[in-house]
Colleague: 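Here you go, one structure.
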Amino acid sequence: ALNDFNRKARYVLPMFVAALLFLAGCTVTYKFSGASIDYTKVKTISFTPFQNRAPYQWGPMAAMLNETISDVFVQQTKLQQVARGGDLQFDGEIIAYDQFNKSISSDGYSSMMQLKMSVKVKFENAKNPTEDFERQFSASREFDTSQQLNDVQEELVTQMIDEIVETILLCFLNKIK
C-alpha cells in the first residue's frame, strides 16, 4: 500500500504544485496591475467620447469602444468615473479601420482578408503631468473570404476593441505611479 501511495504521489504532487503555481501567478498578476495606482492621490477618471475619424467607418464602432473602455477602467480600478475633469482623463479617436487582402489562393483570388483598427489615445494625469502620454494602439483580425464582412464584422470589431482597450489599460498601469 505504501508503494502504491508513493507511485501516485509522484504523479499527483507535480500536478498539484503546477496548479498552485498557475493560480499564484494569476493572483500576483492581478494584484500587480491594481497596485500601481495610488488611490490617495488619484480618485476620479473621465473619458471624452472617442470619435470615429477613420475614412472607412462602421456605425456602431465608436459607441462600442466608448462603452468598453469605460467599463474596463471602472471595473478593474477603484476610480470613480466623472463626466469631465477627472484626476485622470482619456481622450481619443478611431483613426483607421481598414480591410485588405491578406493572402491569395492558387487560383489568383483572395482567400483571407484582414480587418485592422487603430485608435489614437491621449491620457492626462492632472495630479502628475509627467505621466501624460499620447499613443496609437492597433489590432487586427483575419477572416476567410468565404464569409461576408457583414456576417463577421461585429464579432471581429468586438475582439479588436477588447484587445486595444486591454493594451491601453496595461500601458496606463505601467505609466501611472
Side-chain angles (χ1 to χ4, degrees), residues 26-100 102 112-129 131-145 147-177:
C26 290
T27 303
V28 171
T29 301
Y30 179 75
K31 287 182 181 174
F32 171 76
S33 56
S36 61
I37 300 173
D38 183 352
Y39 292 104
T40 62
K41 295 179 186 174
V42 177
K43 298 185 184 322
T44 60
I45 189 168
S46 59
F47 302 93
T48 301
F50 285 50
Q51 300 297 310
N52 189 348
R53 304 217 191 283
Y56 175 67
Q57 298 195 5
W58 181 56
M61 198 163 42
M64 291 168 67
L65 174 63
N66 286 314
E67 182 179 331
T68 302
I69 196 166
S70 174
D71 288 350
V72 166
F73 274 82
V74 169
Q75 291 170 5
Q76 295 191 24
T77 70
K78 297 177 187 174
L79 298 169
Q80 179 184 5
Q81 185 173 352
V82 294
R84 59 181 72 83
D87 297 330
L88 307 177
Q89 301 168 28
F90 280 90
D91 187 10
E93 59 190 5
I94 299 168
I95 57 173
Y97 180 64
D98 301 301
Q99 167 184 296
F100 52 91
K102 181 69 177 168
M112 292 296 290
M113 296 294 291
Q114 184 167 9
L115 199 59
K116 183 176 181 181
M117 178 180 177
S118 297
V119 177
K120 182 177 164 185
V121 176
K122 182 178 179 183
F123 166 73
E124 294 178 357
N125 183 339
K127 302 293 183 179
N128 188 358
E131 295 174 346
D132 295 358
F133 67 81
E134 191 166 330
R135 186 169 161 204
Q136 180 177 317
F137 300 89
S138 298
S140 63
R141 292 293 182 273
E142 295 177 4
F143 65 98
D144 193 282
T145 55
Q147 300 171 300
Q148 294 293 316
L149 177 59
N150 289 340
D151 296 336
V152 296
Q153 188 165 228
E154 184 173 358
E155 178 184 351
L156 298 178
V157 168
T158 298
Q159 291 172 7
M160 290 187 296
I161 287 173
D162 289 345
E163 180 181 327
I164 288 170
V165 170
E166 185 66 28
T167 306
I168 293 168
L169 178 66
L170 291 172
C171 182
F172 158 76
L173 291 171
N174 286 325
K175 188 77 173 161
I176 190 118
K177 304 282 187 262

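Quantities reported herein were computed from a predicted structural model and do not represent experimental measurements.
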Colleague: Which distance, rounded to the nearest 0.5 Å, do you find between the CG of D162 and the CG of L65?
Modeller: 10.0 Å
Colleague: Can you confirm whether more than 12 heavy atoms, excluding those of Q136, are under 6.0 Å from its CD atom?
Modeller: yes
Colleague: Are any of the side-chain heavy atoms of Q99 and L115 separated by less than 4.5 Å?
Modeller: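 In contact.
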Colleague: Is there a donor-acceptor contact under 3.5 Å from the side chain of S138 to the main chain of S118?
Modeller: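 The answer is no, because no donor-acceptor pair under 3.5 Å joins these two groups.
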Colleague: How long is the straight-line distance from OG1 of T68 back to CD1 of I164, given to the nearest 0.5 Å?
Modeller: 10.5 Å
Colleague: Backbone N or O of N52 within a donor-acceptor pair of the Q57 side chain at under 3.5 Å?
Modeller: yes
Colleague: Atom CD of residue position Q147 - does it have more than 12 heavy atoms of other residues, nucleotides or ligands inside 6.0 Å?
Modeller: yes
Colleague: So, the side chain of S70 versus the backbone of N66: is there a donor-acceptor pair under 3.5 Å, distance only?
Modeller: no
Colleague: Count the heavy atoms belonging to other residues, nucleotides or ligands that lie under 6.0 Å from NZ of K120, then report whether that count exceeds 12.
Modeller: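 It does not: K120 NZ has 12 such atoms or fewer within range.
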Colleague: For the residue pair V165 and F137, establish whether any side-chain heavy-atom pair is separated by less than 4.5 Å.
Modeller: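 Not touching, per the 4.5 Å side-chain cut-off.
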Colleague: Nearest 0.5 Å please: distance from the CD atom of E163 over to the OG1 atom of T167.
Modeller: 5.5 Å
Colleague: Testing the basics here: between K43 and T40, what is the closest heavy-atom pair and its distance to 0.1 Å?
Modeller: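 Here K43 and T40 meet closest at NZ-O, 3.5 Å.
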Colleague: Do you know the tightest heavy-atom contact between T44 and L79?
Modeller: N-CD2, 4.2 Å
Colleague: Any heavy-atom pair between the side chains of T77 and I45 that's under 4.5 Å?
Modeller: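 No, too far: nothing below the 4.5 Å cut-off.
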Colleague: Is a side-chain donor or acceptor of E155 paired with a backbone partner of V152 at a separation under 3.5 angstrom?
Modeller: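 Flag not set: sc E155 to bb V152 has no pair under 3.5 Å.
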Colleague: Mark yes or no for whether D87, through its side chain, and A126, through its backbone, hold a donor-acceptor pair below 3.5 Å.
Modeller: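 No; zero donor-acceptor contacts below 3.5 Å.
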Colleague: Using atom types as modelled and distance alone, determine if a side-chain donor or acceptor of Y39 lies under 3.5 Å from a backbone N or O of K78.
Modeller: yes
Colleague: Between CZ of F50 and CG of D91, what distance do you get to the nearest 0.5 Å?
Modeller: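 One gets 6.5 Å once the value is rounded to the nearest 0.5 Å.
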Colleague: Drop me the distance from M61's CE to Q153's CD, to the nearest 0.5 angstrom.
Modeller: 7.5 Å
Colleague: When you look at D144 and M112, which way does the side chain to side chain contact (heavy atoms under 4.5 Å, CB included) test go after all the steps?
Modeller: CA-CA 5 Å; D144 193 282; M112 292 296 290; 4.0 Å; yes
Colleague: Can you find a pair of side-chain heavy atoms, one from I168 and one from F123, that are under 4.5 Å apart?
Modeller: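 No - every pair of side-chain heavy atoms lies 4.5 Å or more apart.
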Colleague: Can you check whether M117 reaches W58 side chain to side chain, under 4.5 Å on heavy atoms?
Modeller: no
Colleague: With under 30° as parallel and over 60° as perpendicular, where do the rings of F73 and F90 fit, or are they tilted in between?
Modeller: tilted
Colleague: Would you confirm whether D132, through its side chain, and N125, through its main-chain N or O, come within 3.5 Å as a donor-acceptor pair?
Modeller: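 Yes.
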Colleague: Looking at CD of E124 and CD of Q89, how far apart are the two atoms once the value is rounded to the nearest 0.5 Å?
Modeller: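 The CD atom of Q89 is 5.5 Å from CD of E124, to the nearest 0.5 Å.
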